[in-house]
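No hydrogens, no waters, no symmetry mates; every other heavy atom, side chains included, goes into these values. Position 1 is the first residue of the sequence; numbering continues from there.
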Amino acid sequence: DAFREELGDVLLQVYLQSQMAEEAGEFTLEEVYDAIATKLVRRHPHVFGDVIATDSGQVLRNWDQIKETERRAKGRRAEKAAPSALDGIPRSMPALARAALTQDRIDRLAADHRAAADFRAALDQAVATLNTGADHDTLGAALFALAGLARLAGLDPEEALNAAITRLATRFKALETTVRATGRDWHNLTPVEIAGLWEECANLDSK
C-alpha cells in the first residue's frame with residue numbers, strides 16, 4: 001500500500017510538471033512518453049536492433065558507450081578530455097554501496113579484473129596487521145574487498161551489513177531483557193555469564 005502511494009506521488013509530479021511545461025509552450029506529456037520510449041530503444045540495440053550481446057556484461061558496456069555518446073552529443077563532455085567510467089558516483093553514498101557501485105563500473109570495462117582470491121588476500125593482510133597497528137589504508141582495502149566478495153556472491157554489501165546490524169541489535173535487546181529479568185545489575189555480570197546469556201539469546205533467535 002505504501003509503495004503504491006509513493007508511486008502515485010511520483011506520477012503526480014510527472015503529470016503536474018508536464019502540464020506546467022505544456023502551458024509554458026515547452027513540451028507535452030505525450031512528448032515525455034515519446035522521449036523515454038525512444039531512449040529505451042536507443043539504449044537496447046540488442047533488443048530492438050541487430051546488435052549481439054553475449055552476456056549481461058556486454059549489455060552494460062554497450063549501455064555505457066551509448067550514454068557517453070549521448071552526453072557528447074549534448075556537449076556535456078566538452079570540458080573533459082578524458083572522461084572516466086567512475087564519473088557521477090556520489091561521494092555522499094554510504095561507503096559500502098559506493099564501493100560496490102565503483103566495482104560494478106570498473107567491471108563493465110574490465111570484466112573479472114579482480115577474483116575472490118584477490119579480495120581474500122586483502123582481508124588476510126588486514127587481519128595480519130591487527131596486532132601490529134593496522135592503518136586506514138589496510139582496513140579500507142579490507143572493507144573494499146568485503147564489498148567485492150559480496151558482489152561476486154550476487155549480494156548487496158550495504159543490505160548485508162544492515163541486516164547483520166539488525167540481527168545484532170535484536171539479539172542484544174533480548175540480552176538486555178534477559179538481564180533485567182534476572183534482577184541483576186548488568187555491570188556485575190562476569191564475561192563468562194554474559195557469554196552464556198548471549199548464547200541463550202542466540203538459541204531463542206533460532207527457534
Side-chain angles (χ1 to χ4, degrees), residues 2-119 122 143-163:
F3 185 37
R4 182 181 61 233
E5 181 179 349
E6 293 300 326
L7 287 176
D9 290 341
V10 174
L11 188 60
L12 173 62
Q13 285 299 314
V14 174
Y15 272 81
L16 176 63
Q17 296 189 46
S18 295
Q19 177 64 27
M20 293 169 64
E22 183 172 357
E23 292 177 7
E26 299 292 339
F27 57 82
T28 67
L29 181 62
E30 287 70 24
E31 288 175 306
V32 173
Y33 297 154
D34 182 67
I36 184 60
T38 301
K39 179 189 291 185
L40 288 173
V41 171
R42 183 173 63 250
R43 291 189 181 180
H44 294 79
H46 61 290
V47 176
F48 301 101
D50 55 5
V51 172
I52 304 299
T54 57
D55 53 33
S56 60
Q58 184 62 54
V59 171
L60 291 174
R61 287 189 287 275
N62 290 342
W63 176 282
D64 286 338
Q65 291 172 1
I66 294 169
K67 284 183 64 177
E68 182 60 29
T69 300
E70 292 172 356
R71 292 191 187 102
R72 289 184 180 279
K74 294 177 180 178
R76 294 181 182 175
R77 294 294 192 188
E79 74 286 359
K80 288 189 176 182
S84 170
L86 303 182
D87 287 347
I89 298 179
R91 291 182 61 85
S92 59
M93 288 181 69
L96 281 177
R98 186 179 168 208
L101 181 55
T102 298
Q103 292 169 358
D104 183 64
R105 293 279 187 89
I106 293 173
D107 282 349
R108 294 185 189 185
L109 295 179
D112 301 324
H113 72 290
R114 297 191 72 178
D118 298 318
F119 293 130
L143 290 170
F144 192 80
L146 280 174
L149 288 174
R151 288 186 61 256
L152 290 176
L155 301 173
D156 184 314
E158 193 73 24
E159 289 183 6
L161 179 59
N162 276 319

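More than 12 heavy atoms of other residues, nucleotides or ligands shown are found within 6.0 angstrom of CG on Leu16.
Side chain of Glu6 to main chain of Phe3: no donor-acceptor pair is present (N/O by atom type, distance under 3.5 Å, no hydrogens or angles). No donor-acceptor pair closer than 3.5 Å links the side chain of Asp34 to the backbone N or O of Glu30.
The shortest non-hydrogen separation linking Leu29 to Tyr15 is CD2-CE2, 3.4 Å. Shortest non-hydrogen contact noted between Pro157 and Ala100 is CG-CB, 3.8 Å. Of all the heavy atoms in Glu158 and Ala97, the pair that sits closest is OE1-N, 3.1 Å.
Under the 4.5 Å side-chain criterion, counting only non-hydrogen atoms from C-beta, Ile66 is in contact with Pro45. The side-chain heavy atoms of Leu7 and Arg4, taken from C-beta on, include no pair separated by under 4.5 Å. Taking the side chain as every heavy atom from C-beta outward, Gln13 and Asp9 never approach each other to under 4.5 Å.
Judged as a ring pair (Phe, Tyr, Trp, His ring centres under 6.0 Å), and not counting sequence neighbours, the contacts of His44 are His46, Trp63. Under the rule for a salt bridge (charged side-chain N to carboxylate O under 4.0 Å, His left out), the partners of Glu70 that lie at least two apart in sequence or sit in another chain are Arg42, Arg43.
Taken to the nearest 0.5 Å, the CG atom of Leu149 stands 9.0 Å off from the CD atom of Gln103. A distance of 5.5 Å separates CG in Leu96 from CG in Leu161, rounded to the nearest 0.5 Å. Put simply, CE on Met20 and CD on Gln17 are 6.5 Å apart, with the number rounded to the nearest 0.5 Å. The OG1 atom of Thr28 sits 10.0 Å away from the CD atom of Gln19 when rounded to the nearest 0.5 Å.
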